[in-house]
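Before any comments, here is the structure.
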Amino acid sequence: GNSVTQMEGPVTLSEEAFLTINCTYTATGYPSLFWYVQYPGEGLQLLLKATKADDKGSNKGFEATYRKETTSFHLEKGSVQVSDSAVYFCALRDNSGAGSYQLTFGKGTKLSVIP
Amino acid sequence: DAGVIQSPRHEVTEMGQEVTLRCKPISGHNSLFWYRQTMMRGLELLIYFNNNVPIDDSGMPEDRFSAKMPNASFSTLKIQPSEPRDSAVYFCASSLAGAGANVLTFGAGSRLTVL
């Protein structure tokens, strides 16, 4: 089956530090990959996505590259801000057939950025 | 657009009581999802509707849970009778099936506490 594994949190960083949140996946076929962000008290929001190998998704200074050879989609940001404090979810959508509407989410990684 | 609207935002009830959660998807979206989020299990897909028809309810925990979508602009998730282990945040999400099916828009969630 499909699965997504994220690094365990919480992650605490100082403002302007470099961020990496690791994400690896297993899937049949060729999935689309996503990062969603959940700010306190809110629902999940799409942060970025990539639909094929070597694609790079980017948004708000965050980037992630679809690496088929390592089955990874690590999230990075060069300089985090306090406003980036949130829970980040890696997800995949398996495009291979039945059930392909469904997103499989990782457990989430809580990021806290301190001034 | 106001986004996906869920109500109530918070619900505290006693074991054995009936709970009804409501969702208004984004106008024009034809797919609707109910998710449950807990610390232990993360995000779990409960049920998926396409064009108001339930397509996959394999994630519904047991017969105490039921969901309906009487029209394109309204869905309910009902728990009867509720139990303490049902305490969670319940999210509704909608999308436009087809080319945009990858991207889910989530509501802010309904936090349920069953005492």
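Labels below follow one simple rule: chain letters A, B, ... track the order of the sequence lines, proteins then strands, and each chain is numbered from 1.
Side-chain polar atoms of A:Thr109 and A:Gln6 form a donor-acceptor pair below 3.5 angstrom. Defined by atom type and a distance below 3.5 Å, a donor-acceptor pair is present between the side-chain atoms of A:Ser3 and A:Thr26.
Neither the backbone nor the side chain of A:Gln45 comes within contact range of chain B, judged by heavy atoms closer than 4.5 Å.
Residues of residues 34-50 of chain B lying under 4.5 angstrom from chain A, judged on non-hydrogen atoms, are B:Tyr35, B:Gln37, B:Met40, B:Arg41, B:Gly42, B:Leu43, B:Leu45, B:Tyr48 in numerical order. The interface of residues 8-18 of chain B with chain A, defined by heavy-atom distances below 4.5 Å, comprises B:Arg9.
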Take B:Asp86 and B:Arg64 through the salt bridge (Lys or Arg N to Asp or Glu O under 4.0 Å) test and state the conclusion after the steps.
-> CA-CA 10 Å; B:Asp86 302 330; B:Arg64 298 185 297 106; 2.7 Å; yes
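If you take OG1 on A:Thr12 and CD1 on A:Ile114, they are separated by 6.5 Å, rounding to the nearest 0.5 Å. Atoms CE and SG, on B:Met69 and B:Cys23 in that order, are 7.5 Å from each other to the nearest 0.5 Å.
Between A:Lys77 and A:Glu63 no salt bridge is recorded (no basic side-chain N to carboxylate O distance below 4.0 Å). Note on A:Lys49 versus A:Asp55: no salt bridge recorded, every NZ/NE/NH1/NH2 to OD/OE distance being 4.0 Å or above.
Within a 6.0 Å sphere centred on CD of A:Glu8, other residues, nucleotides and ligands contribute 12 heavy atoms or fewer.
Note on ring orientation: taking the six-membered ring where Trp is involved, the planes of A:Phe73 and A:Trp35 are parallel (angle under 30°, cut-offs 30° and 60°).
A donor-acceptor pair under 3.5 Å links the side-chain atoms of B:Ser87 to the main chain of B:Pro84, judged by distance alone.
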